[in-house]
K.L.:
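Dropping the structure in here first, questions after.
Everything numeric here is computed off the predicted structure, so don't read it as measured data. In what follows, every chain begins at residue 1, and chains take the letters A, B, ... in the order their sequences are listed.
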Amino acid sequence: MQKIRSAAQEMSVPETTGAGPSLSERALGQAPYMESLNPEQREAIESLDGAVLVLAGAGTGKTRVLTTRIAHILGTHKAHAGQILAVTFTNKAAREMKARVGNLIGGVVEGMPWLGTFHAIGVKIIRSHAELVGLRPGFTILDTDDQVRLLKQIIKAENLDEKRWPARQLASYIDGWKNRGLAPDKVPDGEAFTFANGHGQDLYRIYQTRLKDLNAVDFGDLLLECLRLFQEHPDVLASYQQRFSYILVDEYQDTNVAQYLWLRLLAQGGGNICCVGDDDQSIYGWRGAEVDNILRFDTDFPGAKVIRLETNYRSTGHILGAASSLIAHNESRLGKTLQTDADDGEKIMLQGCWDHDEEARVVGEDIEQYQRQGHRLNDIAILVRASFQMRAFEDRFVTLGLDYRVIGGPRFYERQEIKDAIAYLDVVMNPDNDLKFERIFNTPKRGLGDATLQLLHTHARSQAIPLFLAARAVAETEELKPRARTALAELLKQFESWRGLSESMVHTELAELVLDESGYTAMWLADRSPKAEGRLDNLKELVRFMEEFPSLPEFLEHVSLVMDTSSDDGADKISLMTLHSAKGLEFDAIFLAGWEEGLFPHQRHLDETGQAGLEEERRLAHVGITRAKKRAKITFTQNRLMHGSWQTATPSRFIDELPEKHVEVVEAAQSYGGYGMSRFDEKQASFASQYDTPGWQRAQRRHQGGHKTKRGPATIEGELVASSAAPGSGFSVGERVFHQKFGYGAICTVDGNKLIVDFEKAGRKRVLDSFVDRH
DNA sequence: TTCAATCGTCTTTTT
DNA sequence: GACGATTGAA
């Protein structure tokens, strides 16, 4: 922990300010951004010509190499910003890279127009050549919901059994094909057969045709259509090949086949390509990433230079040693040996727990202790394999009054209410966006059902016009029942009025107006479920966020491509996330929870992809451990609640793959496990002093704020406590009781040991008498 | 057309 | 155990 490391070697800190170049460096004409690089990093930055693969292990300064390389190209005037293509996977990575390049070359950079995600750059290219791939310029980008809705229609239209052949599954097949760069006619026969007895390929073809009719693309198309454009129009390809004299790729181990083909086409113009990645951190195989891309880089790009970055500037010796030994169990890897100058530091701690509640309790205690030692919550993260594991931790932190943030998780734009709101706005701007129109056509309920929709579809198809126009036509006729007809006419009238206002009105005001007049806000106001309040908040948040955009169309283009809103409020909070979303991050202290067979490695991943799956899970473990700078603790439980029933769990095989010399086992304390600890814990919680702490009060406020779902205040093992504390019998109607989860309430009926209680906060519930206490 | 009850599913999720 | 999707009754 008392690490001695020169500040200049600290890779994780963006090089913002600081001392300028030394006198000698200035005398040598050394650029300031080249300071304090190790020889391998320097080589990776200076090898500008030809193909270069930088194998950058965890914490070896990967991002720094990429950004410095860009700065170097610019600084030596090899190319100007518009000639550099730099691709990342996430918007976040793109933003960060932009900021860091800006810092390196001194503030004002005219933007790097071609620095962005694969998809963002794909759209940009397709937009400039839309007509060449059969699209009109203003084409829309479908999200997953739209995609599935469209596929469902197609499946239905083909008279296939929707249940036997779910649209969702077809969507994932199509995604898979697109990831591999396969157009409908290229799909291997065998695979096309796996869906709907050979209809798979047809359905895919029909889907593509429908997309063109709708003037729309899905995410996969952003690459696939780009590929097709390049293949069918060599002149277009050539122009881009000439434009991009330097290509840089981040996280190359995550590229799929389509992305690889795309890059190869662009690089073939003699372009200089530099890919940075780490085969040991490839964890998105299930999303189409091909580790093979990185494994056979030098055959794809003959004469490629491979540079290994093996000096880790992040973790202490024990942590790095454990991670390296673990990943050495994988067979298909290029092989790197990470080294550090750092001290050994603390060993990785390992602790077994009775169940997930105790696991959360143990972690919570450790965190409180760590905090007492003067560390910040911001430096702590909990990494889990699956998101359902998060709940136990959230519950525990709420009771302890520890602030936390969930990273990843259900994203803002994925929420139902946000998608609905955006659908409304989209239809205002694009009346021919059928899928969005369909989404909100009966939301809120306005008496327009399946029958009406079918009628509109028939019309639309026979006339080859968008649904919205078909709706207008149908509303003029007598085909609908009066009630539906009025409702439809009213909706259309509203849209036309909004559309008219969109010319003059400020877009945020228009959004509020649309949400109000459509009855959408009212729908949630009328909803008594606990979630409704949060949804209304989200809608307000959406409008607030829109202010950052000059106009509605620009906002809509943004949301179709950028699915994240990183709201980092800077407050001191524990981070809670899945192992997948932890890639690229680092923390002083890391808790790795739930290392049990079946959960981690995940059984289903193993079943589906066998050995390769196991290796990917192991890479995930490696990613997890290497997130830690100073401390890491692994926990596992002996009993886990899976799909509603308790399972006995065995420790993960990965645990036994860690060398003993790097691990310290924390013996389970006697009071841990089962009833003893639970009761002890409960007594603690009932001391008055507990209620006076700021943390408790924070927790209380949070409960009242309505953020909690029906689970109610997250008291732990309420069941164990209650069952041992309250011998069941003799409750009477009207009696006031307290329930661990639902709070206070009055008994409504008694039926043996079953009670129906009207709770003050949670409403009417059926509970067992052993779960409540007299009050 | 709508609502309530039942059924089936349940890893990860950059765009 | 919990959620979403689908079914069947009003």
K.L.:
Give A:Thr88 one of three labels, base, sugar-phosphate or nothing, depending on what nucleic acid heavy atoms sit under 4.0 Å from its own.
P.N.:
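Contact class for A:Thr88: none.
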
K.L.:
By the 4.0 Å heavy-atom rule, please label A:Tyr284 as base, sugar-phosphate, or nothing.
P.N.:
base

K.L.:
Calculate the interatomic distance between A:Leu222 atom CG and B:dT14 atom C1'; express it in whole Å.
P.N.:
14 Å

K.L.:
CG of A:Leu579 versus C1' of B:dT12: gap in Å, rounded?
P.N.:
9 Å

K.L.:
Nearest whole Å is fine: how far is B:dC10 P from A:Arg391 CZ?
P.N.:
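That distance rounds to 18 Å.
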
K.L.:
Under a 4.0 Å N-O cut-off, is there an ion pair linking A:Asp250 with A:Lys62?
P.N.:
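Looking at A:Asp250 and A:Lys62, the cut-off is met.
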
K.L.:
In terms of side-chain heavy atoms of A:Ala386, which of B:dT14, C:dA2, B:dT12 is nearest?
P.N.:
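Selected nucleotide: B:dT12.
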
K.L.:
Counting only side-chain N and O atoms of A:Asn442, is one of them less than 4.0 Å from OP1 or OP2 of B:dT2?
P.N.:
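Answer yes for this pair, as a side-chain N or O of A:Asn442 is under 4.0 Å from OP1 or OP2.
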
K.L.:
Provide, to the nearest angstrom, the distance between the CD atom belonging to A:Glu616 and the P atom belonging to B:dT14.
P.N.:
15 Å

K.L.:
Base, sugar-phosphate or nothing for A:Lys481? Non-hydrogen atoms, less than 4.0 Å.
P.N.:
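A:Lys481: no heavy atom of the nucleic acid under 4.0 Å.
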
K.L.:
For B:dT13, take OP1 and OP2 only and decide whether either is under 4.0 Å from a side-chain N or O of A:Thr578.
P.N.:
yes

K.L.:
Looking at every strand, decide which applies to A:Arg385 at a 4.0 Å heavy-atom threshold: base, sugar-phosphate, or nothing.
P.N.:
base

K.L.:
May I ask you to check whether A:Phe118 and A:Phe89 place their ring centers less than 6.0 Å from one another?
P.N.:
yes

K.L.:
Are A:His643 and B:dC10 stacked, counting the six-membered base ring, centres under 5.5 Å, planes under 30°?
P.N.:
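Stack criterion met.
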
K.L.:
What is the distance, rounded to the nearest whole Å, between atom CZ of A:Arg95 and atom C1' of B:dT14?
P.N.:
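Whole-Å distance recorded here is 12 Å.
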
K.L.:
Can you check whether A:Arg446's main-chain N or O pairs, donor with acceptor, with A:Asn442's side chain at less than 3.5 Å?
P.N.:
yes

K.L.:
Who pairs with A:Arg604 by salt bridge (charged side-chain N to carboxylate O under 4.0 Å, His left out), at least two apart in sequence or on another chain?
P.N.:
A:Glu608

K.L.:
In whole Å, I'd like the distance from the CZ atom of A:Phe441 to the P atom of B:dT1.
P.N.:
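After rounding, the gap between these two atoms is 8 Å.
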
K.L.:
Identify which nucleotide among C:dA2, B:dT11, B:dT2 has an atom closest to any side-chain atom of A:Arg604, counting heavy atoms from C-beta outward.
P.N.:
B:dT11

K.L.:
Taking all heavy atoms of A:Trp595 and all of A:Ile655, pick out the closest pair and write down the distance.
P.N.:
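Of all heavy-atom pairs spanning A:Trp595 and A:Ile655, the closest is O-CD1, 3.7 Å.
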
K.L.:
Any side-chain N or O of A:Asn91 under 4.0 Å from OP1/OP2 of B:dT15?
P.N.:
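Answer is yes, contact under 4.0 Å.
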
K.L.:
If you assign each of A:Thr144 and A:Leu620 to its closest nucleotide in DNA chain B, which residue comes earlier from the 5' end?
P.N.:
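Here A:Leu620 is the residue nearer the 5' end.
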
K.L.:
Contact class for A:Glu617 vs. all strands (heavy atom < 4.0 Å): base, sugar-phosphate, or nothing?
P.N.:
nothing

K.L.:
Identify the pairs formed between an N or O of the protein and an N or O of nucleotides 7-9 of chain C at a distance under 3.5 Å, and give each distance.
P.N.:
unit_1: C:dT7; atom_1: OP1; unit_2: A:Lys163; atom_2: NZ; d: 2.5

K.L.:
Given B:dT13, is OP1 or OP2 found less than 4.0 Å from the side-chain N or O atoms of A:Ser581?
P.N.:
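Answer is yes, contact under 4.0 Å.
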
K.L.:
Rounded to the nearest Å, what distance is computed from the CD atom of residue A:Gln416 to the P atom of nucleotide C:dG4?
P.N.:
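Roughly 8 Å, once rounded to whole Å.
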
K.L.:
5'-most contact on DNA chain B: A:Thr452 or A:Lys583, nearest heavy atom basis?
P.N.:
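Going by which nucleotide is closer to the 5' end, it is A:Thr452.
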
K.L.:
Starting from P on B:dT14, measure out to CZ on A:Phe118 and report it in whole angstrom.
P.N.:
16 Å

K.L.:
Does A:Arg446 place a side-chain N or O at less than 4.0 Å from the phosphate oxygens OP1/OP2 of B:dT1?
P.N.:
no

K.L.:
If you check the A:Asp254 side chain, which of B:dT12, B:dT11, B:dT14 turns out closest?
P.N.:
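Among the listed nucleotides, the one closest to the side chain of A:Asp254 is B:dT14.
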
K.L.:
Applying salt bridge (charged side-chain N to carboxylate O under 4.0 Å, His left out), can you list everything that pairs with A:Arg439, at least two apart in sequence or on another chain?
P.N.:
A:Asp145, A:Asp420

K.L.:
Suppose we call a contact any N or O donor and acceptor under 3.5 Å apart; does that hold for the side chain of A:Arg287 and the base of B:dT12?
P.N.:
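By the distance-only test, no, there is no pair.
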
K.L.:
Between A:Arg618 and A:Asp280, is the closest basic N to carboxylate O distance under 4.0 Å?
P.N.:
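A salt bridge is absent here (no side-chain N lies under 4.0 Å from a carboxylate O).
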
K.L.:
Stacking here means centres under 5.5 Å and planes under 30°; does A:His602 stack on B:dT11?
P.N.:
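Answer is yes, a stack.
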
K.L.:
Can you confirm whether A:Lys124 is buried at NZ, in the sense that more than 12 heavy atoms of other residues, nucleotides or ligands lie under 6.0 Å from that atom?
P.N.:
yes

K.L.:
For a quick check of understanding: with a heavy-atom distance under 4.0 Å over all strands, which category does A:Ala484 fall into, base, sugar-phosphate or nothing?
P.N.:
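No contact.
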
K.L.:
With a 6.0 Å cut-off on the ring centroids, do A:Tyr284 and A:Trp286 count as close?
P.N.:
yes

